[in-house]
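Here the structure is laid out as structure tokens; the discussion comes afterwards.
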There are 2 protein chains.
Amino acid sequence: MDKPWGEVTPEAARKLLVAAVEAFAERGYHATTTRDIAGRAGMSPAALYIHYKTKEELLHRISRIGHDKALKILQAAAEGPGTAAERLDGAVRSFVRWHAERHTTARVVQYELDALSEEHRTEIVELRRRSDAAVRRILNDGVKAGEFDVPDVPGTTLAVLSLCIDVARWFNAQGRRTPDEVGELYADLVLRMVTAQK
Amino acid sequence: MDKPWGEVTPEAARKLLVAAVEAFAERGYHATTTRDIAGRAGMSPAALYIHYKTKEELLHRISRIGHDKALKILQAAAEGPGTAAERLDGAVRSFVRWHAERHTTARVVQYELDALSEEHRTEIVELRRRSDAAVRRILNDGVKAGEFDVPDVPGTTLAVLSLCIDVARWFNAQGRRTPDEVGELYADLVLRMVTAQK
DNA sequence: GCAAGCTCTAAGCGCTTGCTCACCTTCGGG
DNA sequence: CCCGAAGGTGAGCAAGCGCTTAGAGCTTGC
């Protein structure tokens, strides 16, 4: 199954959250009103506050679930079988595909961090640190095995993640490329970045 | 000279614009109030409306000037002397350096497009199209000259620009790397992406 | 030496915001 | 058949929003 927001119950809370993701992605957190969210979910503005204490809690739930998913994708690739090159290919391919396919969610997850409360942001930043660690581990493995030539592992880790994340900003579902095609292109480009020359 | 916002006069209008850049970068366009902008500039809220018709006009001025600068950087590199590899190195190096050094401005320029009016956004999108064309030209030249191996020129152009632009999101002036160091790292990574293997 | 014009402020208007509250409905268990 | 809990609504509050207006102060041209 793996239905996008299946873990959110009851049904009304899920509908509100899906509506919030759409609204936040389209107009940004601060430009979205609680009336807009409730309206998209077919409910009155007051209904929102039965399931969520504040508008910020809604953003936090979205951000938390999204970052959990992103981290799982990268960790699965990092801990999987195969050479470092194969694992890096898989990591980039699946991470990019997620950012393209679910670009609505990803946009909220990646670009609305600043709207979180201090406490919630700290929690999310820790998840991002672990995503960074997963990619760095693959690069380090590849260098150790002599597969990769990477003079600056932390910097290259940052660049790889940055490249993938920015897909959420520009990807357009009506555009020319499918998520799979972008994933393939990006996996190829990233492998070239880390592979020994000549 | 090349003082950042030297083209904006009179002085009061410049001070308001600089204050707006800071505020928009920190909190986002929609979360920034006209009172906050005026306060940072040491003026009353009403003073803003002597120099700008609306808050959106302020954003448009910022976005326009910033995109002009970004386009100039890329066009200068594309039309400069040297091999395609040298020009691409220069383009990435200077474009990344600008996004790092002026990350406050770049953040507004790159991430607040959606807050512009339909008309203003159309104007800005055209400037971005020309930035894309400048990079694509370098890649095409390199392929024609046999310097580069790039199976998908439009896709790789997109990836290169995307990588550079995302610097504005993560770059931290208090961080470990200087703008020059990031520029050098990124120029190296991008050259690896386009250079023939083996 | 003073009218004209520009810059700026204090006050505030009309509206929207996030959120609350009194009340209504639905429904399973004794 | 009634009861209390849970999920929902319409109306509306206090605060904050973008922006306007009346008028004060300073500079300038003749």
Side-chain angles (χ1 to χ4, degrees), chain A residues 5-63 108 112-121, chain B residues 5-63 108 112-121:
Chain A
W5 301 103
E7 62 268 65
V8 182
T9 54
E11 179 61 15
R14 205 185 62 85
K15 267 169 47 181
L16 283 164
L17 190 133
V18 168
V21 170
E22 279 176 24
F24 291 163
E26 264 178 40
R27 318 155 49 81
Y29 174 80
H30 288 294
T32 299
T33 68
T34 54
R35 284 163 179 81
D36 182 19
I37 297 169
R40 284 173 194 248
M43 305 175 86
S44 79
L48 198 152
Y49 293 89
I50 294 162
H51 300 282
Y52 303 95
K53 274 209 294 284
T54 62
K55 178 178 148 187
E56 193 269 348
E57 187 190 317
L58 247 177
L59 176 63
H60 174 239
R61 289 285 299 271
I62 293 165
S63 195
V108 179
E112 301 290 347
L113 274 187
D114 290 345
L116 289 170
S117 71
E118 182 87 21
E119 188 185 4
H120 286 159
R121 189 167 52 248
Chain B
W5 301 103
E7 61 268 67
V8 182
T9 54
E11 180 60 16
R14 204 186 64 83
K15 266 169 50 181
L16 283 163
L17 189 135
V18 168
V21 170
E22 278 176 27
F24 291 163
E26 263 178 42
R27 319 156 49 82
Y29 174 81
H30 288 294
T32 299
T33 69
T34 54
R35 285 164 179 80
D36 182 20
I37 297 170
R40 284 173 193 249
M43 305 175 86
S44 79
L48 199 152
Y49 293 91
I50 294 161
H51 301 283
Y52 303 96
K53 274 209 294 284
T54 62
K55 178 178 150 188
E56 193 268 348
E57 188 190 317
L58 247 177
L59 176 63
H60 175 239
R61 290 286 299 272
I62 293 165
S63 197
V108 179
E112 301 289 348
L113 274 187
D114 290 346
L116 289 171
S117 70
E118 182 86 22
E119 189 186 3
H120 286 160
R121 189 167 51 249

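FYI, side chains are in, hydrogens and waters are out, and symmetry mates aren't considered; it's all heavy atoms of this structure. So that the names make sense, note that chain A is the first sequence line, chain B the second, and so on, each numbered from 1.
Counting only distance, with no hydrogens or angles, the side chain of Glu56(B) and the backbone of Ser117(B) share a donor-acceptor pair below 3.5 Å. At distances below 3.5 Å, at least one donor-acceptor pair connects side-chain atoms of Lys55(A) with backbone N or O atoms of Tyr29(A). Counting only distance, with no hydrogens or angles, the side chain of Arg121(A) and the backbone of Leu116(A) share a donor-acceptor pair below 3.5 Å.
Rounded to an integer number of Å, the gap from His30(A) NE2 to dG16(D) C1' is 14 Å. Taking atom CG of residue Leu58(B) and atom C1' of nucleotide dC19(D), one finds them 13 Å apart after rounding to whole Å. dC19(C) atom C1' lies 16 Å from atom CE of Met43(A), rounded to whole Å. Atom NZ of Lys55(B) and atom P of dT20(D) are 14 Å apart (whole Å). We find that CD of Glu11(B) is positioned 20 Å from P of dC26(D), with the value rounded to whole Å. The nearest whole Å value for the distance from the CG atom in Leu59(B) to the C1' atom in dG18(D) is 15 Å. Between the P atom of dG7(D) and the CZ atom of Arg14(A) lies a distance of 16 Å, rounded to the nearest Å.
The phosphate of dG18(C) (OP1 or OP2) has a side-chain N or O of Thr34(A) nearer than 4.0 angstrom.
Under a cut-off of 6.0 angstrom, the local environment of CD in Glu11(A) is crowded, with over 12 non-hydrogen atoms contributed by other residues, nucleotides or ligands.
Here Thr33(A) lies in heavy-atom contact (under 4.0 Å) with sugar-phosphate atoms only.
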Requested in this report: Could you check Arg40(B) against Glu26(B) for side chain to side chain contact (heavy atoms under 4.5 Å, CB included), going step by step and ending with a plain yes or no?
Outcome: CA-CA 13 Å; Arg40(B) 284 173 193 249; Glu26(B) 263 178 42; 3.1 Å; yes

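Within residues 46-53 of chain B, the residues approaching DNA chain C are Ala46(B), Ala47(B), Ile50(B), His51(B), by heavy-atom distance under 4.0 Å.
Contact of the Arg27(B) side chain with the Asp36(B) side chain is registered, since non-hydrogen atoms from C-beta on lie closer than 4.5 Å. Contact check for Glu57(A) versus Thr54(A): side-chain heavy atoms found under the 4.5 Å cut-off.
Residue Arg35(A) places a side-chain atom within donor-acceptor reach of the base of dG18(C), judged by atom type and a 3.5 Å distance cut-off alone.
Nearest nucleotide to the Ser44(B) side chain, out of dC19(C), dT9(C), dG8(D): dT9(C).
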